[in-house]
Amino acid sequence: MTTTGDARLEVLDKDDELTERLDAELTAYNRQATGADDEAELSVRVTGADGELVAGLTGWTWGGCAGINMVWVREDRRGQGWGGRLLAAAEQEARRRGCTQISVASFSFQAPDFYRRHGYLDTGQREGIPGGHVDHQFFKSLVTDSAAAVRLVALVELAATGVEAGQRYEDQVLALLARHGGRVERRLRTGDGRTEVHLIRFDTRAGYSAFLADPHRLALRAELGDAAPETRVLEVQEV
């Protein structure tokens, strides 16, 4: 315990009162910041004839987004398709609530390949999980076919004489992605600011084509002339 002035800092194990208060405070803050106040829990339960739990899923919906917290299938019922049925039921209910996307995290020793098989796309990972494992982050659109998605890696080289102008150009161009069903999953930059790497996803190939032909993007590039960045684009997929 540490005391500073009239305040006392304590490190505890479990504190239900603190959890409840923080949940209330952050929910109020989030509502004010986003205008979305429809947060709700989402659960799917499978029960056997004997009344015992066979499988279950818990998650949430809020502001057009959905998330999965936990998915579990009893060991003697695994391999029977219950995991896929849980996902399908949760996704259907999320759509009914007006959600357009759903996300989930899975440790490498859990079920990352299961989510990939059901159309979830990797958006990032965190190393350092106990046992040398990885925490995978996944995303799935609930309004487009994930199998039709296009994933790109763009290697962007900015002109030495116009680094700041090139960075502003990239800011503006990347902001156009959303109008074509695209989004930046990762944006990385070297220390000198001259090279950027973008991991980009489009919901459809038509969206990618529309982005390339976007007159606003072409006009921005024309404004820079010879100072425009040189970009190499590779289409990639998970392996």
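Residue numbers count from 1 along this sequence.
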Open item on the list: With a 4.5 Å cut-off on side-chain heavy atoms, are Pro112 and Asp122 touching?
Closed with: no
- [ ] Could you check if a side-chain atom of Glu196 sits within less than 4.5 angstrom of a side-chain atom of Gln167, using non-hydrogen atoms only?
- [x] yes
TODO: State whether a side-chain donor-acceptor pair under 3.5 Å links Ser141 with Gln101.
DONE: no
- [ ] Could you tell me whether the side chain of Arg217 and the main chain of Phe211 form a donor-acceptor pair under 3.5 Å?
- [x] yes
Open item on the list: Working note: Asp15 + Arg21, criterion salt bridge (charged side-chain N to carboxylate O under 4.0 Å, His left out); need CA distance, chi angles, decisive distance, verdict.
Closed with: CA-CA 10 Å; Asp15 189 329; Arg21 177 65 182 276; over 6 Å; no
Task: Spacing of CD belonging to Gln110 relative to CG belonging to Asp135, to within rounding of 0.5 Å - done: 8.0 Å
Task: Arg95 and Glu91, any side-chain heavy atoms less than 4.5 Å apart - done: yes
Open item on the list: Checking side chain to side chain contact (heavy atoms under 4.5 Å, CB included) between Ile68 and each of Val104, Leu42, Val44, which is the one that passes?
Closed with: Val104
TODO: Apply the test salt bridge (charged side-chain N to carboxylate O under 4.0 Å, His left out) to residues Glu235 and Arg205: give CA-CA distance (whole Å), side-chain angles for both, the deciding distance (0.1 Å), then the verdict.
DONE: CA-CA 11 Å; Glu235 188 169 331; Arg205 189 166 299 280; 2.7 Å; yes
Task: Polar side chain donor-acceptor pair, His136 to Ser106, under 3.5 angstrom - done: no
Open item on the list: Within the supplied structure, the quantity of interest is the number of heavy atoms (other residues, nucleotides, ligands) at a distance under 6.0 Å from Asp171 CG; does it exceed 12?
Closed with: yes
- [ ] Check the angle between the aromatic planes of His133 and Phe109 and answer parallel, tilted or perpendicular using the 30° and 60° thresholds.
- [x] perpendicular
Open item on the list: I'd like to know whether Arg116 forms a salt bridge (charged side-chain N to carboxylate O under 4.0 Å, His left out) with Asp113, so could you lay out the CA-CA distance, the side-chain angles of the two residues, the decisive distance to 0.1 Å, and finally the verdict.
Closed with: CA-CA 5 Å; Arg116 294 184 183 111; Asp113 289 338; 2.7 Å; yes
TODO: Examine distances only and state if a side-chain atom of Arg78 and a backbone atom of Val73 form a donor-acceptor pair shorter than 3.5 Å.
DONE: yes
Open item on the list: Within a 6.0 Å radius of atom CZ on Arg221, are there more than 12 heavy atoms belonging to other residues, nucleotides or ligands?
Closed with: yes
Task: Thr190 (side chain) donor-acceptor with Thr195 (main chain) under 3.5 angstrom - done: yes
Task: Student check: side-chain heavy atoms of Val156 and Leu158 closer than 4.5 Å - done: yes
- [ ] Report yes if the side chains of Asp192 and Val163 come closer than 4.5 Å at any heavy-atom pair, otherwise no.
- [x] no
Task: Derivation and outcome, side-chain contact (heavy atoms from CB on, under 4.5 Å), residues Asp38 and Thr61 - done: CA-CA 8 Å; Asp38 60 346; Thr61 60; over 6 Å; no
Open item on the list: What I'd like to find out is whether the side chain of Arg183 reaches to under 4.5 Å of the side chain of Asp203, using heavy atoms alone.
Closed with: yes
Open item on the list: Does Asp50 have more than 12 heavy atoms from other residues, nucleotides or ligands lying within 6.0 Å of its CG?
Closed with: yes
Open item on the list: Looking at Asp23 and Thr19, would you say the former's side chain and the latter's main chain have a donor-acceptor pair under 3.5 Å?
Closed with: no
Open item on the list: For a salt bridge (charged side-chain N to carboxylate O under 4.0 Å, His left out) check, start with the C-alpha distance between Arg151 and Glu185, then their side-chain angles and the critical distance, and finish with the verdict.
Closed with: CA-CA 10 Å; Arg151 300 190 77 186; Glu185 294 183 345; 2.4 Å; yes
Open item on the list: Counting only heavy atoms not in Arg179 (residues, nucleotides, ligands), do more than 12 fall under 6.0 Å from its CZ?
Closed with: yes
Task: Close side-chain approach of Arg45 and Leu53, heavy atoms under 4.5 Å - done: yes
TODO: Please confirm whether the backbone N or O of Tyr115 pairs with a side-chain atom of Lys140, one donor and one acceptor, at under 3.5 Å?
DONE: no
Open item on the list: I'd like to know whether the aromatic ring centres of Phe138 and Tyr120 sit less than 6.0 Å apart in this structure.
Closed with: no
Task: More than 12 heavy atoms from other groups under 6.0 Å of CD on Gln92 - done: no
TODO: Inspect the surroundings of CZ in Arg74 and state if more than 12 heavy atoms from other residues, nucleotides or ligands are less than 6.0 Å away.
DONE: yes
